[in-house]
Amino acid sequence: MKKIYIIAALFIAVVSGCSDFLDQDNRSNVPSDQFYKTATGFESLTNSTYSSIRTLYNNPPQMFVAGTDLYADGKSQGVVMSHYTFTADEGTVKTFYVNCYKGIQLANSVIAYGETTEETSVRAQYVDEARFIRAWYYFQLVQQFGPVALNEKMFDYAEMKHERASLSDVYKFIIDEFTYLASSSSKLLERSGSGVGRANKRTASFYLAKAYLTRGWLDGTDYESQEDNIAQSGDFENAAKFALQAINNEEPSISIENAFDINNEENNEIFWSIQFSSASVEDPNRNGSYQQAQFGAYLGGSEKPRNKAIDGNFAPSLRLQQMYTRGDGRLEQTFMLEFHQAYFDYYHEPTTSPIIYYYAPAWATDEDINTWMADDPNGLKTKTIISKTIAEGGIAPSNGAPTSYKDRRSMDYGNACIRKFDDYSESSIGNRSTTCSMHDVVVSRLGEAYLIAAEAYLKSNKTEEAANMINKLRKRPGTIKDGHSESMNVSAANINIDFILDERARELAGEYVRWTDLKRTHKLIEYVTRYNEDGVPESAMKGPDGKYKILRPIPQAAIDLNQADVEQNPGY
C-alpha cells in the first residue's frame, strides 16, 4: 500500500497527557462512538493514527539532528547554538512532546475500539498496528525525555494526573510490545504483504533490536550517571538477534541513490516509511516532509526557479563530507557534487545543462580534478568553478576566495547539498516557494539494521562479526567504486565505537538519527565540543544546576497542568 489516506479522524487525545482535548473531525452525522464501531469508521481511525506521525516530519528536524557533529548553522544563524539554550518553554520541544502524546492517544483509541468494533478480516491487524505505533511513539519519547508517563488507555475525559514511569518500566513496555509484534503470534503483516506504508513484522524486529541496543548502553555511566543503570545482561545479544531477524538473510541489493529515489519509494531496502502525498494532505504547500529542504547551502531565491528550496538551518559539516574516503561511492550518491545551471538540471538536463560548480572530494588531487574535467563529452565543464570546500575546508565556489567555516556555510552555493532526499518531480520543482516535499521519509531500513547488528556485536566483544556486517553492507551496489574493494574492506582491528559512528554517518547521512546516536553511545558531549563547527563549548551543554543537557526539558505547560508531582529533567 503506497499511501495511507484519511477518511475521517477521531481526535479525542489528551494534549501532553494533561488536560486539553483535540476537536473531533468526524465528517459524518453519525455519533463518534457509533461511527468507530463500524468497519469504515474503525479503518478511518487507524488511518488517522498513521497520519499523526507526519506531524513529527512536517517540521525542521531540530530534535533529531541539531547540536551534533554532522550539521551546523548555514545561512540561518543560531539554530545549532540555540539547541543548547532550550528552556522548559521551548516551542520546538513542546510541539514534539505534544504530538507524540496525541499519536499515542489515537493509537489507544484504535486499541480500545478494537474491542467493540464490528469483526472484519483486518480488525486484529489494525489493533496490532496501533500497538506498534504506540510503542514507536514511546521509543521516540524515552530517547528524548527519559522517563515519561505511560498511558495505555483511551481517555474520553480530562485525566489530570499522570505520573512519570521509571526508565526501566518504559523500556520494558517498549521491548515487551515489540517482542510480541515481531513474533508469529502478532497480526502484523509480513513486509512482503504490508508494503512500506504499514507497520510490519520486520519493522517490529528492527525497533526491537534498536530498543535492546539503546537499553544496553544505559549502564549507569552515561554523563555522571544521570540515568539509572537499567541495562540487562543479554541486551546486546538480543539486539544482534533481532537485527538479524529484521535483515532476514537479505543483503542490500540496490544503491543508496536508488533506495531513496522519489520514483522508487517501494523497494526492498525500506522496511517502513512515513507517507506523504498531495492526495492525502490538506495543503501540499504546508503539510509535506521537510527533509529535502535541509542539509545544504542557500541556493538563491525566486529568481532561481529550478533550484530547490533550502531553509539553511543544517549545513552539512566538513567532518561529514570528509568521512568518505577514496573509493566510497556513497559520497557522490549522497551529495550534489556536480551543480548544473540549476539544481534540478542534474536530473532533467544532465547532458545539456552546463556544470557551474564541482565540489571536489576531500581525497581529490589535482590529477583527479583534471581527470574529472577532461571527461566532458558534452562540453558542460568549460566554465566550471572547482570548489575545494570539501577538500580544503573553506573555499566557497561563489568567488573562489578562502573563507572561514561560517562564511563557507552562509554563502550562497557555499557547500555541497545532500541530494539523497530530492523530489525532482515537476510538481515539486514548480512549488519552489515552499520547503515542503511529497517525498516519503524512510525511518526503518535494511542498511541501518546491519549497523545495529554491527554495534551490538561490538558491544558483545564480537568484532569479527561486527566487521562482517560492515563488509556486507558495503557490498551494496554503488558503494565500492571500481578498483577500491581492498581499501574499503574492514577488519576486526578497525572496529570500535568511533568507527561504527563514522559508518553510521556515511550510510545514514541526513537521516534523522544523529542526536540519538550520540546520546545512546555516550558520545554527545565529546563529539559536539570537539567537532561542531559552530564552536559549542562544554559549558553551553550544562544547565544552571551544573548537569549536562542530555535529555530534553519536560515542557513547563505539561508540568503545570499535571496534578502529579513531575520533576524536571537535569540541566533545566
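We count residues from 1, following the sequence as given.
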Open item on the list: Is it the case that the side chains of N307 and Y298 hold a donor-acceptor pair, with the cut-off being a distance below 3.5 Å and no angle test?
Closed with: no
Open item on the list: With no hydrogens and no angle check, just 3.5 Å: does a side-chain donor-acceptor pair link T325 and D328?
Closed with: no
- [ ] Can you sort out the partners of E426 under salt bridge (charged side-chain N to carboxylate O under 4.0 Å, His left out), two or more places apart, ordered by chain and number?
- [x] R306
Open item on the list: Is the positively charged end of K462 above the ring of Y457, judged by distance under 6.0 angstrom from the centroid and angle within 45° of the axis?
Closed with: no
Task: Test: D502 and R319 ion pair at under 4.0 Å - done: yes
TODO: List the steps and the verdict of ring pair (Phe, Tyr, Trp, His ring centres under 6.0 Å) for F295 and Y71.
DONE: CA-CA 7 Å; F295 316 120; Y71 315 102; 4.9 Å; yes
Open item on the list: Please enumerate all residues that pass side chain to side chain donor-acceptor pair (under 3.5 Å) together with Q291, with sequence neighbours excluded.
Closed with: none
- [ ] State whether R476 and E251 are salt-bridged, where the test is any N-O pair (Lys NZ or Arg NE/NH1/NH2 against Asp/Glu carboxylate O) under 4.0 Å.
- [x] no
Open item on the list: Quick test of your reading of the model: are D412 and K304 salt-bridged, counting only N-O distances below 4.0 Å?
Closed with: no
TODO: Evaluate the side-chain proximity of E265 to H439: yes if any heavy-atom separation is below 4.5 Å, no if none is.
DONE: yes
Task: Side-chain donor-acceptor contact under 3.5 Å, Y50 with E129 - done: yes
Open item on the list: Check this for me, if you would: do D422 and R419 make a salt bridge, where the nitrogen-to-carboxylate-oxygen distance has to be below 4.0 angstrom?
Closed with: no
Task: Listed partners of E538 passing salt bridge (charged side-chain N to carboxylate O under 4.0 Å, His left out), at least two apart - done: none
